[in-house]
Every structure is written in C-alpha cells, then in structure tokens.
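Note sheet for the following structure.
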Amino acid sequence: MSEAHYNHRFIEHKWQQTWRDTNLYQVENKSAKPAYYVLDMFPYPSGAGLHVGHPLGYIASDIVSRYKRHNGFNVLHPMGYDAFGLPAEQYAIQTGQHPATTTEENINRYRQQMDRIGFSYDWSREVRTCEPSYYKWTQWIFMQLFSHWFNANTNRAEHIDNLVAIFENEGNVNVKHAGDDVESFIAEEWLNFNAAEKEGILQNYRLAFIKETTVNWCEELGTVLANEEVKDGVSERGGYPVVKKPMKQWFLRITAYAQRLLDGLDTIDWSDSIKEIQRNWIGRSEGASVNFAITNDAQQRSLEIFTTRPDTIFGATFMVVAPEHDWVEDLITNEYKEETSAYVEWAKNRSERERMSEVKKVTGAFTGSYCTHPFTGKQIPIWVADYVLGGYGTGAIMAVPAHDSRDHAFAKKFDLDIVQVIENSDANVQEESFDAKEGTSMNSDFLDGLEVKDAIKKAIDFIETKKLGYGTINYKLRDAGFGRQRYWGEPIPVVFENGIPKLISDSELPLTLPDVENYKPTGTGESPLAAVDSWVNTESGVRETDTMPGWAGSSWYFLRYMDPTNDQAIASKDAINYWGAVDFYLGGSEHATGHLLYSRFWTKFLHDINVIPFDEPFKKLVNQGMIQGVVETLYLKKEKTDGKNHFVSADKVENADDYTEIPVHVDYVTDYVKTDAPSYLNLEGIRSFQDFRDGYDDAIFECSNGKFIDGFFEGNEGAVEPIFYTHSAIGKMSKRWFNVVNPDDICEEYGADTLRLYEMFLGPLEDSKPWSISGIDGVYRFLKKTWKLFIDKDGNFVPTNDRPAEKKSLKTLHATIKKVGDDIQRISLNTCVSTFMIAVNEFTEQKCTNKEVLEQFLIVLAPFAPHICEELWERAGHADSIAKANWPIFEEKHLVEDSKNYPISINGKTRTNLELSLSLSKDQIEEAVLADDEVQKWLDGKSPKKVIVVPGRIVNLVV
RNA sequence: GCCCGGAUGGUGGAAUUGGUAGACACGCAGGACUUAAAAUCCUGUGGCCAUUGCGGCCGUGCCGGUUCGACCCCGGCUCCGGGUACCA
C-alpha cells in the first residue's frame with residue numbers, strides 16, 4: 001500500500017535505512033571513473049551536539065558530492081572526528097570520566113544527528129584522531145619532522161643524516177638553513193663535540209625542536225598556548241588570562257616554509273579573503289639588516305637592526321632595543337642602572353593583556369649607551385622601550401621619528417631629535433610623522449633627490465658594499481609551539497637519554513596514552529603524564545610528557561581517509577596517487593591562520609619527503625558562513641526590599657552598570673522575529689526563566705508596565721499581561737544563550753529534505769545569517785507540490801509516456817538542468833532552490849504528466865532532496881538508486897521555442913545596436929523590428945504579445 | 001590605525017558580472033472552498049501620481065564621474081561586518 005500524501009518521516013527513514021544496508025555510498029580506491037574528492041572540515045565532537053548551523057556546510061558538500069556522482073565521477077566523501085582536545089579533558093577533570101568515554105558518547109550523538117539529514121558519506125572510512133591506529137601516524141609524521149631539516153639552498157626538507165654528513169666533511173660554513181643563527185664551525189670541531197653538544201647544534205636545524213623561549217602561559221588551563229589560541233590577551237577557549245613566561249618547549253619550524261606557504265597561495269582556488277588573511281599572518285617584509293657599532297662596548301659589538309626603510313637612515317636619531325633584548329643589561333650604564341633596569345623588569349613582567357590594553361601609552365628608558373651612525377658617524381643614544389618587540393626582526397630598531405609614527409610619539413615624549421629626510425610640502429614632521437612610502441629623499445647626502453623605491457635600492461647597495469649589513473626579508477610568522485602540558489592529546493614519541501632527546505623506534509609506534517588517575521594539569525608546567533612513573537621511565541631514559549596540540553591530528557586527516565586502515569603507511573601510494581589532493585574543501589573561515597596553515601605546512605613537508613605527490617592539500621576551498629542565533633537579554637535592576645530579591649525590568653537601559661544582564665530562553669520571547677516591535681518575555685517566559693536559573697525562586701519581579709509579580713504568580717494573572725522587555729541581538733548559537741536550534745527537531749517536523757533545501761535557501765553559502773524559522777513553510781510546500789506532480793490523491797503514480805512531452809515542459813526542464821548545473825558549479829546553491837520552485841510551479845501550471853520529463857527533473861533535484869527523489873524514482877519503476885542515474889543532457893534548442901533574439905536589419909542593412917539607439921526613438925525601433933523580414937517570417941501572421949526594445953541591445957520578442 | 005568584504009522592497013535574498021532591477025520565498029491585504037478551523041488554491045504587493053483603458057515619474061547607502069546604457073566600472077564620503085594589531 002503506497003502512501004498518497006508526502007510523508008517525510010516514512011520516506012526518510014526508509015531510504016536512510018536502505019542506503020546503509022546496501023552500502024550505497026561506499027567507494028573503492030580504484031575506478032575507471034575519474035576521481036573527485038569532496039571534504040568537510042571534520043568536527044570536534046562537543047557535548048552540546050549539533051545545532052542547525054553545523055550541517056550548513058555538510059549539506060552543501062553533500063550536494064556537490066551527489067552532483068559529481070551523477071556526472072560520472074567516483075567521489076570520495078568521508079567524515080570523521082577531530083577528537084583530541086581541551087573540552088573533553090576539562091569535562092574529565094570535573095567528572096572524573098575518561099575523556100575517551102565522553103568523546104565516544106559525543107561521537108555517537110553526532111553520528112545519529114548526521115544520519116537523520118541523509119548525507120552520502122562513506123562511513124567505512126571514518127577516522128578519529130584519538131584512536132591509536134590513527135595517531136600512530138601523527139606521531140610518525142612528528143618523527144619525520146624531527147629527523148629532517150630545511151635546506152635553504154635546495155628550498156626543501158632533507159634528512160638530518162645528510163646534514164651530519166656535511167658537518168663531518170666541511171663543518172657548517174656552506175650550509176644555508178632556515179632557523180636560528182648557528183656559530184660556524186669546521187669539520188674537525190664538529191667531530192670533537194660531544195653528543196650533547198652535537199644535539200644542541202642539530203636542534204637549530206631540525207623541523208621539530210626544543211627551544212627555551214617566552215611562551216604564552218595560561219595559568220587557568222595550566223598549559224602553553226600557540227599564538228592563534230590567544231585572542232586579545234586571553235585564551236581563545238575559556239577566556240582565561242595569558243602571560244609571557246620562559247619555558248623549554250617543542251616547536252615546529254613552520255617559518256622554514258614561510259615563502260613557500262606564501263607562493264603556494266597563488267596556485268590554489270581559495271577565497272581572496274582567506275588568502276589575504278594568510279598573507280598578512282605570514283607577513284613578509286623586505287628591507288635591510290644594518291649594524292650600528294656600539295660606542296664604548298667592552299666587546300666592541302654592533303647592534304643589528306632590521307628596517308624596511310633603509311632610505312630613511314639619515315633620519316635615524318636614536319636606537320631602541322626591546323626589554324627582552326639579550327644585551328640590555330650590558331647596555332645600561334651605571335648612571336642609569338637603577339631607573340632603567342627597573343623599567344626593563346617592569347616591562348618584561350607585564351601581562352599580554354595589560355600590554356595590549358595600553359598600546360597607546362608610550363613608555364621607555366635611556367640606557368646611557370650610544371652607538372655610531374654608520375653613514376654619518378654621529379653618536380646616537382640607545383633607548384629601551386616595550387614598543388619594540390623581542391620576537392620580531394632582531395629586537396632592535398633604528399628610530400626615524402620623522403617618518404614613523406611610533407618613533408615620533410616616542411621622540412615627542414622623551415624630547416628626542418626629529419630630522420626630516422623625505423620631502424613633502426604638506427608635512428610638518430615636528431608635529432606629525434610622514435609615514436607614506438612616497439616622495440623624494442632630502443637631508444640624506446648621496447640619496448638626495450631619489451624616489452623612495454630607488455633610494456631604498458641605493459641605500460642597500462651602499463650598506464652591502466661597505467659591509468654594514470645586507471638586504472633581507474623578515475616574516476611575522478613564528479615557529480609553532482607544539483607541546484601541551486595536557487593529558488588528552490598524542491604523546492610525543494621522544495625519550496630523553498641523558499638529557500638528549502631521541503626518537504623512539506618505529507616499531508614502538510603507536511606510543512599510546514597511559515591511564516592516569518588525575519587529568520588535572522600539575523600546575524608546575526608538567527602534564528598529568530609526568531605523574532605516571534611506570535610510563536615515564538624507560539630502560540633508556542625518561543619520556544617526554546608533553547602531548548601534541550589539537551591541530552596535530554587535523555593537519556593530515558584528509559590523507560588518512562584515502563586508506564584509513566593501513567598500518568604500514570599513512571595511506572598506500574596507490575590510494576594517494578588515485579585520489580590526489582582534495583578537490584573541494586568546505587569549512588569555516590575561523591581556521592584561516594590555524595588548521596588551514598598547518599595543513600599546508602605538513603603537506604609541503606610530506607611532499608618534500610616523497611610521501612605525497614602534491615604540495616597543496618586543498619585545491620578549492622569554500623568557507624561557509626555561520627548560522628547565528630538571536631540572543632535575547634533580560635535586563636534586571638536589583639532593588640532590595642525586606643531582604644528579598646526584588647527585580648525591576650527595563651524597557652530602556654540608560655546605564656548598563658545598574659542592571660544584571662541575563663540571557664533568556666528564546667522560545668519564550670514574544671515578537672522577537674519582528675524588528676519593529678520590541679520583544680519581551682511574558683508570564684510563561686518568566687516562569688521558565690525561574691525554572692532554569694537558580695536564585696530567582698522567591699524573587700519579586702516588577703515589570704516595566706508597573707505591575708508587581710510575586711515569585712509564584714498566583715493570583716497575579718490579571719487582564720493585563722505583565723511584560724518584561726528584552727533586548728535582541730544577533731550572536732552565536734550556544735547553550736549559554738539558550739538559543740540553540742536542534743536539527744533533529746526540524747527533521748522531525750518538516751523532514752531532512754526540507755531542512756537541506758531550507759538551509760541552502762537561506763542565502764549565499766558564504767554569508768553569515770541568523771537562523772529564522774520563518775520561510776521554512778515555503779520550502780515544505782514546494783516538496784508537497786513536487787510530490788503532487790507524481791502522486792495523485794489516491795496514491796497512484798501519475799506520470800506516463802503515453803504522450804510526447806509538450807514544448808513548454810521541455811523548456812522548463814532544460815532551463816532547470818542548465819541553471820542548476822551552472823549554479824552548483826559556482827556554489828550558488830540558494831538560487832538552485834528558487835529554480836526548482838519555478839520549475840515545479842510551471843510543471844503544475846502546465847499540468848505536465850510526461851514521465852520522461854519529470855524523471856529527469858527528479859535527477860536534478862536529487863542532490864538537494866535525495867529522500868523524496870529516491871521514493872518517487874522507485875515508484876516510477878526503477879530498480880536502482882537514483883544516485884546511480886546520469887545527469888540529464890541539456891539541450892539548448894528547447895529554450896528558444898517561444899522567444900527569440902534577432903538582429904535588426906533596416907532597408908536590407910543590418911544596423912548595430914549603437915546606431916539604432918542613436919538614430920531612432922524607441923517607437924521607431926519597435927516599428928523597424930516588426931517590419932523586418934526575418935521577424936515577420938518568424939511571427940508567421942501571429943501578433944507579438946510583447947516587444948521588448950532596449951536601445952543598444954538585441955531586441956527580444958515574446959509571442 | 002592598517003588590510004579585506006559588504007550596503008538592493010516590510011523581511012531573507014535574485015539580477016550567471018555593463019543591457020527589461022526587485023526572480024524565488026516569507027510576511028501582509030483581499031478572495032475561493034469549509035458549519036468553523038487547519039490544509040489547499042487564486043489575486044494584489046518598491047514608492048508617488050493616474051486609475052472607465054493602455055499609463056507617467058522616482059527608485060539599488062550618500063555626492064560626483066565614465067558610458068547610448070551603471071546595483072555592476074572610476075573618484076570622494078557615511079555606516080555595517082571580518083581579519084590584524086606597536087611586525088620597524
């Protein structure tokens with residue numbers, strides 16, 4: 001017995017089951033078909049489950065996957081979980097539950113939710129970064145990084161053994177590498193170094209290495225954080241304060257790849273904004289490194305500075321070093337010892353947050369030392385100030401107050417000389433610096449009269465000939481901190497033998513996480529693993545107890561999907577060669593400077609060591625926008641009455657400090673969809689508010705319309721409903737704002753096909769937009785109309801091939817095939833939905849019952865609404881899944897049936913559009929068009945319904 | 001501050017990149033069916049004027065420019081979103 005009405009629950013359940021039972025979407029690593037790889041950024045399985053924002057990208061990628069399958073591609077479309085990370089561990093600390101347990105639970109929940117939406121993932125390829133069989137290979141990649149260095153001569157990673165061989169033969173004088181400067185030594189010296197000394201030197205070359213530096217230390221989380229994990233001086237997760245602290249840390253030498261990461265951007269199809277963010281993050285700047293000899297230095301040293309403006313060197317009136325500069329203490333003379341040393345101490349110990357919030361504040365101190373200007377020989381003072389950063393360039397600058405606003409502010413504050421060296425009629429450099437990179441040099445000896453660009457070139461030439469320095473390039477990009485003092489991450493496969501870090505052997509992989517009693521960080525800067533003596537102590541030495549950061553596992557997961565169970569390699573060569581780089585990658589833009597950069601780095605490295613044939617992981621990247629929620633806030637002013645809590649709501653908040661801002665459950669807010677009406681909580685809302693929140697049970701509420709309500713509302717429900725005004729804003733969808741919309745609820749009420757279509761219909765994929773339920777009815781109605789095209793009210797299948805298709809129906813069909821095909825390719829999925837709606841409206845109006853036409857329409861719709869299309873496809877008598885059907889062939893001839901474009905000839909002479917519009921009026925053109933022989937022949941006696949005349953454009957006639 | 005985006009009806013958004021602006025949908029108004037409601041269907045819907053008829057004028061944040069023709073290109077603003085922040 002077939003259903004007569006569109007029953008989404010029945011249909012969707014049936015087909016999801018069928019797809020699973022028949023492994024419909026499982027793919028092989030081999031096929032005569034061309035390969036196409038569609039990937040979603042895999043989720044971190046949080047305890048909150050999915051909300052309607054998460055599937056947005058998954059739906060889009062699913063549509064692309066299904067579309068590609070219809071077009072004859074063998075599509076790899078996998079899904080997995082980024083399962084290591086802080087929240088699971090925080091939860092473990094609170095509850096004592098093993099993170100693996102909660103992670104497993106969360107994954108199951110995610111899977112259930114995803115299954116309801118009808119994705120075409122090949123679940124046989126699922127990966128989880130926390131599984132030993134997976135992180136074995138994350139550890140393996142780390143080991144490769146440890147045993148390779150970056151040869152700047154060949155511009156690629158090479159094995160460390162090759163480097164050692166070079167050292168043994170000729171020392172390090174000819175070696176150019178990416179990394180910190182290493183004092184030069186000859187072969188003989190190398191051979192005489194002891195093991196610890198040798199390793200100490202090699203650490204400057206390895207791509208994974210240990211270094212003592214100032215790190216971002218977060219006391220609350222008990223761990224070190226990477227730069228990207230710190231936002232505005234607080235941790236991205238949790239928002240805890242972050243301070244600078246010197247510690248020995250593992251790093252990955254991503255800076256070695258700075259230039260290649262920059263160059264690679266030109267070869268990939270990503271949005272300009274993401275590329276731009278990465279370019280800025282890498283922050284390449286060209287300039288010069290110049291030595292300024294320090295006057296009266298016992299060791300006769302020179303202060304090395306970096307500048308992008310060597311052309312302004314004649315304007316350098318003082319020097320500034322960072323408080324962290326190695327020589328600061330040496331530079332401070334006895335006379336200034338007390339004051340300046342105190343300043344240095346103070347500046348070093350300031351938290352990141354303080355430093356950031358007081359950026360505008362100019363601070364500094366004079367060291368008492370001078371150095372000699374290399375061009376003029378003048379003595380210029382050396383200052384120390386925190387506006388110079390220890391971590392960039394050499395941690396020292398030449399200050400040119402006339403042409404750098406920061407130097408200018410400093411000079412003003414401490415009354416230092418300002419010398420103009422770039423000509424500009426408008427600028428008064430005593431008042432304001434002239435920073436623009438334009439103009440001609442003045443007061444600059446041999447540079448005078450040159451344009452900035454030429455002056456820079458000439459200055460560098462001079463610097464290089466006089467051996468004062470050299471032209472060079474600096475990057476903002478820093479090496480990536482890789483150690484985390486946490487439990488729930490991949491153990492770093494290193495054992496310290498007599499303090500020398502050594503990799504464990506390949507056969508010991510995976511190095512699995514031991515069980516611990518307590519997941520809490522030790523607070524001493526050591527991870528919880530340090531407490532497990534039996535694990536830490538090995539025959540040969542002590543294990544590294546730091547674990548890897550969250551981004552380690554996600555930097556290469558796209559490779560594992562190709563061959564997820566391989567235990568001999570990250571994936572077989574055949575699999576990697578067959579699938580190649582990801583063709584289409586979809587995910588949020590928030591990973592621009594994290595995951596997306598690290599993945600590119602690891603890909604380039606794996607390419608260098610011949611593990612993979614490509615050196616960019618993601619050929620095309622699309623960033624879906626965020627689906628936001630409406631955040632409703634109730635403002636309550638607390639007033640004391642008789643020791644009870646007495647709250648007053650407000651319709652206008654003049655001084656926010658007087659009020660408590662409390663997020664409230666969106667479901668109980670009235671009118672929040674309408675923008676013109678103020679939104680408010682009604683009685684029911686206040687009740688639910690009291691249920692959800694502690695401490696308000698016996699509170700007294702006074703709403704702004706003057707009505708008093710007691711804690712239980714009894715007897716207070718008068719004719720006038722009390723109103724508590726709330727304030728609406730658009731924000732994140734999150735548990736704490738009580739505005740989460742669960743996709744399960746939408747699937748239950750409207751169905752997965754409606755959810756899929758509606759999420760696409762909301763607007764352009766890349767835009768962020770607030771979730772709103774208004775409008776979903778339109779999409780649901782569309783599916784019901786589609787159903788009715790095929791199934792009559794008695795449940796009979798209507799379409800037949802008894803009569804040939806009408807021209808107008810063919811036109812509708814082919815317009816749809818064309819438009820939807822084009823729009824999927826340019827990822828304009830919202831317009832596809834409109835196209836479907838138009839088609840169904842037209843088919844309905846045409847009373848189209850042609851089976852061939854309607855079946856082809858089903859194939860076009862199937863990527864968006866697979867369940868209903870499968871069902872109708874089956875009822876049409878097909879034994880095989882619609883997923884195996886070929887995309888219909890588009891035929892242009894069907895589109896030109898009742899309207900046609902014509903060039904216009906007048907008096908036997910074809911006129912150009914331009915000539916026409918210039919010489920004739922609109923009416924005259926219309927007349928000429930109708931008189932045209934071709935037009936008359938085509939009209940064949942009929943009179944045109946509409947003559948559209950656009951001056952300058954080919955005329956369009958509608959009959 | 002600097003670097004990217006963006007601004008179109010009451011709302012979400014179309015206009016395939018210089019060629020009929022406002023597709024499609026929501027909302028709203030009116031109507032049909034119904035005892036009634038739901039569901040469904042039909043009509044109207046940028047603004048102003050004309051509406052016994054075809055119609056007219058203005059309209060894509062603001063000002064100016066290029067063009068036969070501009071939401072689209074150029075110059076100058078205003079506002080909004082994102083990235084970044086003493087990077088020399």
Side-chain angles (χ1 to χ4, degrees), chain A residues 5 231-232 271-281 283-285 287-288 305-310 312 316 320 322 355-356 358-363 385-389 391-400 403-407 409-410 435 474-478 589-590 592-593 623 625-626 673-676 730 757-758 761-764 766-770 772-779 781-782 784-785 788 818-819 822-823 825-826 828 830-841 844 912-919 946 948-956 958:
Chain A
H5 299 289
K231 293 261 142 72
D232 302 323
S271 75
D272 288 339
S273 75
I274 293 278
K275 287 188 185 182
E276 207 49 38
I277 290 169
Q278 291 210 347
R279 281 193 194 100
N280 290 339
W281 189 260
R284 178 192 155 105
S285 40
I305 60 101
F306 174 74
T307 177
T308 55
R309 296 294 302 275
T312 62
V320 187
R355 207 173 147 146
M356 282 174 154
E358 292 172 11
V359 157
K360 290 282 172 298
K361 213 166 157 186
V362 180
T363 64
D386 70 351
Y387 82 89
V388 172
L389 303 176
Y392 182 78
T394 59
I397 61 152
M398 66 173 197
V400 185
H403 305 290
D404 182 289
S405 51
R406 295 154 304 179
D407 297 343
F410 196 80
D435 293 18
N474 253 304
Y475 299 91
K476 280 194 243 178
L477 187 69
R478 311 291 170 82
S589 57
E590 67 272 20
T593 56
N623 304 112
M626 225 194 312
V673 184
K674 291 183 190 167
T675 48
D676 47 347
I730 302 299
L757 283 162
Y758 184 55
F761 187 65
L762 272 176
E766 307 211 5
D767 289 2
S768 285
K769 52 238 157 190
S772 151
I773 196 75
S774 74
I776 199 166
D777 286 326
V779 172
R781 234 169 260 153
F782 155 75
K784 283 194 280 193
K785 282 186 213 164
K788 279 196 211 160
K818 174 90 165 91
K819 178 117 175 75
D822 289 353
D823 285 353
Q825 281 177 40
R826 60 187 185 104
S828 173
N830 54 330
T831 52
C832 291
V833 182
S834 296
T835 308
F836 292 133
M837 290 178 173
I838 294 168
V840 166
N841 286 343
T844 307
T912 67
N913 303 322
L914 190 59
E915 284 169 334
L916 268 178
S917 63
L918 284 174
S919 56
K946 210 172 173 187
I948 301 165
V949 180
V950 183
R953 193 184 165 214
I954 290 168
V955 174
N956 189 262
V958 179

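Order of the sequence lines fixes the chain letters, A, B, ..., with proteins taken first and strands second; residue numbering starts at 1 for each chain. On a predicted model such as this, the values are computed, not experimentally measured, just so you know.
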Checklist entry - Could you give the CG-to-P distance, from A:L389 to B:C86, as a whole number of Å? => result 6 Å
Item to check | Between B:G18 and B:G65 - C1' atom distance, rounded Å | outcome: 16 Å
Checklist entry - Is any side-chain nitrogen or oxygen of A:Y392 closer than 4.0 Å to OP1 or OP2 of B:A88? => result yes
Checklist outcome for this item: Judged by whether its glycosidic angle lies within 90° of 0, B:U17 is syn
Item to check | Qualifying residues under side chain to side chain donor-acceptor pair (under 3.5 Å), relative to A:K818, sequence neighbours excluded | outcome: A:D822
Checklist entry - Are A:Y392 and A:T394 close enough that some pair of their side-chain heavy atoms sits under 4.5 Å apart? => result no
Item to check | Shortest non-hydrogen contact between A:F410 and A:A385, atoms and distance | outcome: CE1-CB, 3.5 Å
Item to check | d(CG, A:N623; C1', B:G5) in whole Å | outcome: 13 Å
Checklist outcome for this item: Shortest non-hydrogen pair, A:V320 vs A:A399, comes out as CG2-CB, 4.3 Å
Checklist entry - Rounding to a whole Å, what distance do you find between A:I773:CD1 and B:G12:P? => result 17 Å
Next on the checklist: Can you measure A:Y758 atom OH to B:C24 atom C1' for me and round it to whole angstrom units?
Outcome noted: 13 Å
Checklist outcome for this item: Of A:T835 and A:K769, the one whose nearest nucleotide on RNA chain B sits closer to the 5' end is A:K769
Next on the checklist: Heavy atoms only, 4.0 Å cut-off, all strands: where does A:I277 land among base, sugar-phosphate and nothing?
Outcome noted: sugar-phosphate
Item to check | Closest approach of A:A409 to A:V362 (non-hydrogen atoms, all atoms of both residues) | outcome: CB-CG2, 4.0 Å
Item to check | Separation between the P atoms of B:C62 and B:C68, rounded to whole Å | outcome: 25 Å
Checklist entry - Whole Å only: how far is the CG atom of A:N474 from the P atom of B:C86? => result 16 Å
Next on the checklist: Distance check needed: B:C2 C1' versus A:E276 CD, whole Å only.
Outcome noted: 12 Å
Checklist entry - Is there a side-chain polar atom (N or O) of A:S285 under 4.0 Å from OP1 or OP2 of B:A88? => result yes
Item to check | Integer angstrom distance from the P of B:C3 to that of B:C77 | outcome: 13 Å
Checklist entry - Taking C-beta and beyond as the side chain, do A:Y387 and A:I397 meet within less than 4.5 Å on heavy atoms? => result yes
Checklist entry - Does B:G69 sit syn or anti, given that only angles within 90° of 0 count as syn? => result anti
Item to check | Atom-to-atom span, CD1 of A:I274 to P of B:U84 - whole angstrom | outcome: 11 Å
Next on the checklist: Work out how far the C1' atom of B:G13 is from that of B:C24, and round it to whole angstrom.
Outcome noted: 9 Å
Item to check | A:R309 to A:M398 - nearest heavy-atom pair and separation | outcome: O-CE, 3.7 Å
Checklist entry - What interatomic distance, in whole Å, is found between C1' of B:U45 and the corresponding atom of B:U34? => result 27 Å
Checklist entry - With side chains defined as the heavy atoms from C-beta onward, is the minimum distance between A:K785 and A:K788 less than 4.5 Å? => result no
Checklist entry - Is there a side-chain contact between A:S285 and A:Y475 (heavy atoms, below 4.5 Å)? => result no
Next on the checklist: Nearest whole Å is fine: how far is B:C3 P from A:K476 NZ?
Outcome noted: 12 Å
Checklist entry - C1' atom, B:C73 versus B:U66: distance in rounded Å? => result 8 Å
Checklist entry - Can a side chain N or O of A:K784 be found less than 4.0 Å away from OP1 or OP2 on B:U40? => result yes
Item to check | Among B:U84, B:C4, B:A88, the nucleotide that comes nearest once only the side chain of A:D404 is considered | outcome: B:A88
Item to check | Position toward the 5' end of RNA chain B (nearest nucleotide), A:G763 or A:D823 | outcome: A:G763
Checklist entry - Expressed in whole Å, how much space separates the P atoms belonging to B:C57 and B:G61? => result 23 Å
Checklist entry - So what does A:D386 hit on the nucleic acid, given a heavy-atom distance under 4.0 Å: a base, only sugar-phosphate, or nothing? => result base
Next on the checklist: With rounding to the closest Å, how many angstrom separate the C1' atoms on B:A14 and B:G9?
Outcome noted: 13 Å
Checklist outcome for this item: The contact string for nucleotides 25-30 of chain B, one letter per nucleotide 5' to 3', using protein heavy atoms under 4.0 Å with B, S and - for base, sugar-phosphate only and none, comes out as SS----
Item to check | Smallest separation among heavy atoms of A:Y758 and A:S774, with atom names | outcome: OH-O, 2.9 Å
Item to check | Per-nucleotide pairing state of RNA chain B [Watson-Crick or G-U, under 3.5 Å; [ ] pseudoknot-crossing; | other strand] | outcome: (((((((..(((......[....)))((((((.......))))))((((.....))))..(((((..]....))))))))))))....
Item to check | For A:N623 against A:I274, the heavy-atom pair lying closest together | outcome: OD1-CG1, 3.0 Å
